[in-house]
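Below you'll find the structure, written out as structure tokens, and then a few comments.
Residue numbers start from 1 in every chain, and the chains themselves are labelled A, B, ... in the order their sequence lines are given, proteins ahead of strands.
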Amino acid sequence: MFTHLHVASAYSAHYGVTRPEYLVEAAMSQGASALAITDRGGLYGAVRHIGACMQVGLSAIVGVELEVDGGHVVVLSHGGNGGLGWKSLCRLVSAYQKGKWSLVGLRDCTVLLGADLPFAQAAMRGERASAISLLRSLNEQLAGVSVAVEVVSHLTEPGTLYSSVHAKRLVELADAVGLPAVLTNAVRYLTPDDALTADVLDSARFLLPLGEFGLQPNAQAWLKSSALMEALAVEICGDSGRAKRLLDATTLLASRCVLSPVSDCGWGKPKTPEKALLGITGDPFAVLQEKVSAGLEWRYPGISGRKLLDVRHRLNKEMMTIHQLGFSTYFLTVADVAQMIRDMKIRIAARGSGAGSLVNYLLGISGVDPIEHDLLFERFLSTERSSLPDIDIDVESARRHDIYRAIFKRYGSSRVTLLSMQNTYRARGAVRDSGLALGFEDSEIDELAKNIWRFSAGSFRAATSMKPELASVAAALASDRKMNLLVDITERLNRLPRHISMHPCGVILGDASLLDLTPVEPSGLGLPMSQFDKDDMDPMGFLKLDVLGVRMQSAMAYAVRELDRVSGVSLDLDAVPLDDPATFRDIRTTNTLGIFQIESPGQRELTGKHQPTAFNDLTIQISLFRPGPMKGNMIAPYLDGRHGFAKPKYLHPDLEPILRETFGVVIFHEHVLRIFNKLTGCTLARADEMRRSLEDPRQKSVIEEFFRTKALANGYSASVVSAVWATLEGFSSFGFCKAHGAAFAMPTYQSAWLKTHYPVEFMAGLFTHDPGMYPRRLLLAEARRLGVAILPLDVNKSLDEYRVEKTPSGKAVRLALTELAGITSAEISRIIAGAPYSSIGDFYLRAQPSRKTFEHLALVGALDGLASITSTRGDIVAEVKQFNGIKKRSRETSQPMLDFAEFGAMPKGNAEMPKAERIQTELRLLKLDVSGHVLELYQPMLDAMGVVTASELVGLRSKTEVLVAGVRVATQTPPMRSGKRVVFISLDDGTGCSDATFFEEAQARCSSVLFNTRLVLIAGKTRRTGVRGVSIEASNAWDLKELWAQWQKEQRQSA
Amino acid sequence: MTRVDEAVEVSIGVTGEPIGFTWQGVHYSVNAKPLRWFARREWWVEAARVQRGIGAGVIEIEMWRVCACVGNGPTGIFELIYAAETACWKLVRYYLAAAA
């Protein structure tokens, strides 16, 4: 049987076409016993290849194709040597990626000398003597290294590269020098048809249209069958005896390279840092037990009685599972990292199913009490699965890279790498690269790419006939050949890997052998990054830590620090009680802007309807507001039950305790687990396995069978069993892990708490770290609504953050210098370093602002404090213009300011800047209307028209005809059950947000202002959405500026 | 070398190689082992569609170089192409030795 030893998978970005799994499947059905993967420049597809081989029972071979002077080599790892070959290959690839590498002295691998190397080129030209000497000297350089000559025939024109004639010369050459020759097909795709895709990938790699670079010679680089490869050997050698020896040498090398996944690559064996690094001596389980006991004292001080029993029972269960799986060191490692982060004074919170673990809570990895919130451990970890669980932690976004560096420092760079991810072709990228290949104009492609929304490249042709925005493409397809080609090749590119990049939050933690097991390459951050991606972690037994930067955590940490700095209040945000009535009262007003997870217009509307009163309500609300539950129409029955409009339906009394919290609606994975457990009597761990399998249609029928049989046997009626099964089945795509919801609800609650009790500090945090979906302008409006004063820019007081300042009337937030249009970070640093300044001249000399920045600062009032009290804004701007008029600026900061004394005596009396102009200047230079709301500019007209403010809406009856005006702050077109488009627009008018809904008829009336106008007037009817919620069903909308121009004209005429 | 572009009728031997062809009513017999290779096509210039599964025919074409003669006449070199999608043979080029 022939074994392919040179195969690039699709993970050879912009080169290979076929995913490893398909190559393996095809090799298997061709009757092969082994298959190699040799991606370009890395082992990107290796783990998937090995996994796929194991699944079908094929022997896996792994190598890499590397570029050398003048051509390529393939380096194959030898197998069955306890990982020596794999280590050698990984280290070689890492060195190659660093640009400091050599094949000299390479051990435990075989180097295939490619048919494009100089010696082979000489052979092609018929220069036999030179070819022999080149090959000899190469062989001498690589003395001690296992080397073979790679023979390839792609059946190209006789006498050219990769022709059979060329291949025959290479065989003769190998014989002459005494090296083994092996046959490969230098595969880059599965079938001849895929060669066309390879052409397009070549174009993307060369960044040139087809026809403008050297193309592959034909479509022969496919995974040919054994029979074809054997025939090819005969065709090349022209003699069946030599052909057989060529094939035998290939088979021999293949057998030498077969990897044992476990003993060569460490497959599936969990790897954690050595105990000593974690400060552990002795049995890790005993250490873990000590730590959780200490955690018990910390998390549950003074606990006793029934509660203590519950906690102990739960803890024992978790600890037994951890012990059985041998994961003690893993938990200690994550706890160690969490402690390190906390020691760095950085906020940390667990995310995902890890929040369901009491051990995580006791170790300080998670801040959510799983017992209080009724979360299940089995969703996170169980003996039914032996893979390392994912523990995801959220940290302050602004400190994430500090944490990465600290982890590298703590565990050593031989034990840590960043995680990579494979970016694949999506529709837009595919259209762009296809357009490039076909030589489309950039502008044509831009136009096309603009209209590509929400469909996969693989269904481009179908999309053209369904999407109105692609109507022009659909029309072109009828007659335009090039457009047809564009669509066809775009579809071919769908989902192919494009390039590797740093994973946004993943870190791999291992022991000292980590870099023997994974190749690494440099990342944008300067830290090494593994070539394996997140799906490779589990098979390789790597411990992956997700450290995700969350801006809200930064915003909250900032608020807490400002509180301490300005008011001396030391606040432990993680210790605030979770049942604060004032916090929930504020949430219920629906003024949730700035609060984590519940600030979007949709969440605001839901908040109005839901009226949360407890922490668990937040968990439920966050879990409900997602496409699945919305499409599945789960929100209405929940709300009906909650408000007592309908009696909850439980299908069976036994389900009531499980579903009471959600009034009979199945929302959480935890519900499914408990239902399985209750009705079939299976363990929760087993129940979670079944829940996971529900998504697989093949396994679903097996589970259904089990569920029905067991539930019937347990005495549930056939109708109950059917009804419950229908719910479970329908649920599978909607579910949400409650632990994840609760973990998310924590920062939601904490941010709401801060907003309620320390609004000034909280707003300063929001301004500084900008965590939400809204522009800063809207935060300003919210600050105004809350009565939080925003102080103008002041060069003596503003920094690069929004600082909290004490004022005579309390506290206020000072605008940051970063907001000013055109200011550079160097200017900001100089301004901060030089403050305070005694005069405008002093500032000019020492802060050295650019002319433009200087003037901008004056215009927005940042220099007001440096001028005399009697100076108007106009006087200050005039003075700045004087300075800016100086041709050459003195660089001597110590130079006395005598030169400028005369400016001080400048005549005063320039006009004060009117308020309207101030607001407009602020909007232009700061994008923030600090001195007043932008709508004030139009106030006379709004008053005349009887426009209602957002704050007045809540007092109106339902179905009142109203006009509202404001700045557009959000536009959303969520997918709807009916398939009809609905547009939601939120306007801010300085008193709050008004939300308007446009159905199709209204959209038709005002389509021109719907998406692009900034200042909008909307007419419509109020519609109550809950106790505190009002939205407007819009009938029409206008551009406020146009109305204003019209109105002013009318005023002038009537005057 | 002379370029032509004419359909020819080709007879195939047991190994799948041409053993003779008829061009303009004259039969040529192949008298040496033919050479086969695959040449490129510029599908982005020629093809109407290139959807997945269309086959390699749009990207490459099978070429044969055969030595053939008429009866005992002089041997010439002929290049034949085989278009898989239409199952048709064409003569594209030939070289006739000046004195054979």
**OP:** Sequence neighbours left out, what passes side-chain contact (heavy atoms from CB on, under 4.5 Å) with B:Cys69? Give chain and number order.
**Re:**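 Here the qualifying residues are B:Asn31, B:Thr75.
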**OP:** Heavy atoms only, distances under 4.5 angstrom: which of B:Leu35, B:Val50, B:Ile59 has the most pairs with chain A? Name it, please.
**Re:**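 Most pairs with chain A among the choices: B:Val50.
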**OP:** Give the member of A:Pro192, A:Ala219, A:Gly439, A:Ala437 that has the highest number of heavy-atom pairs under 4.5 Å with chain B.
**Re:**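 Most pairs with chain B among the choices: A:Ala219.
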**OP:** Tell me, please, which residues at least two apart from B:Tyr94 pass ring pair (Phe, Tyr, Trp, His ring centres under 6.0 Å).
**Re:**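 Checked B:Tyr94 against ring pair (Phe, Tyr, Trp, His ring centres under 6.0 Å); matches are B:Trp23, B:Phe78.
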Original post:
So which part of A:Leu210 gets closer than 4.5 Å to some heavy atom of chain B, the side chain, the backbone, both or neither?
Top reply: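 Interface part for A:Leu210: both.
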Subject >> Qualifying ring pair (Phe, Tyr, Trp, His ring centres under 6.0 Å) pairs, either residue in residues 191-212 of chain A, two or more places apart >> reply: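 Pairs touching residues 191-212 of chain A that pass the test: A:Phe206-A:Phe213.
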Distance-only donor-acceptor screen, chain B against chain A, under 3.5 angstrom:
from	atom 1	to	atom 2	distance (Å)
B:Arg36	NH2	A:Glu235	OE1	3.4
B:Phe38	N	A:Leu155	O	2.7
B:Phe38	O	A:Asn218	ND2	3.1
B:Arg40	NH1	A:Asp199	OD1	3.0
B:Arg40	NH1	A:Asp199	OD2	3.3
B:Arg40	NH1	A:Gln216	O	3.0
B:Arg40	NH2	A:Asp199	OD2	2.5
B:Trp43	NE1	A:Asp199	OD2	2.7
B:Trp44	O	A:Arg481	NH1	3.4
B:Trp44	O	A:Arg481	NH2	2.9
B:Val45	O	A:Arg481	NH1	3.4
B:Val45	O	A:Arg481	NH2	3.2
B:Ala47	O	A:Arg481	NH1	2.5
B:Arg49	NE	A:Asp488	OD1	3.3
B:Arg49	NE	A:Asp488	OD2	2.6
B:Arg49	NH2	A:Asp488	OD1	2.9
B:Val50	N	A:Asp488	OD2	2.9
B:Val50	O	A:Arg492	NE	2.8
B:Val50	O	A:Arg492	NH2	3.3
B:Gln51	N	A:Asp488	OD2	3.3
B:Gln51	O	A:Arg492	NH2	3.1
B:Arg52	NH2	A:Glu491	O	3.4
B:Arg52	NH2	A:Arg492	O	3.2
B:Gly53	N	A:Asp193	OD1	3.3
B:Gly53	N	A:Asp193	OD2	2.7
B:Ile54	N	A:Asp193	OD1	3.1
B:Gly55	N	A:Asp193	OD1	2.8
B:Glu60	OE1	A:Ala219	N	2.7
B:Glu60	OE1	A:Gln220	NE2	3.3
B:Glu60	OE2	A:Gln220	NE2	2.9
B:Arg65	NH2	A:Glu157	OE2	3.2

Subject >> Region of B:Ile54 that comes under 4.5 Å of a non-hydrogen atom in chain A >> reply: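 It is both, since atoms from each part get that close.
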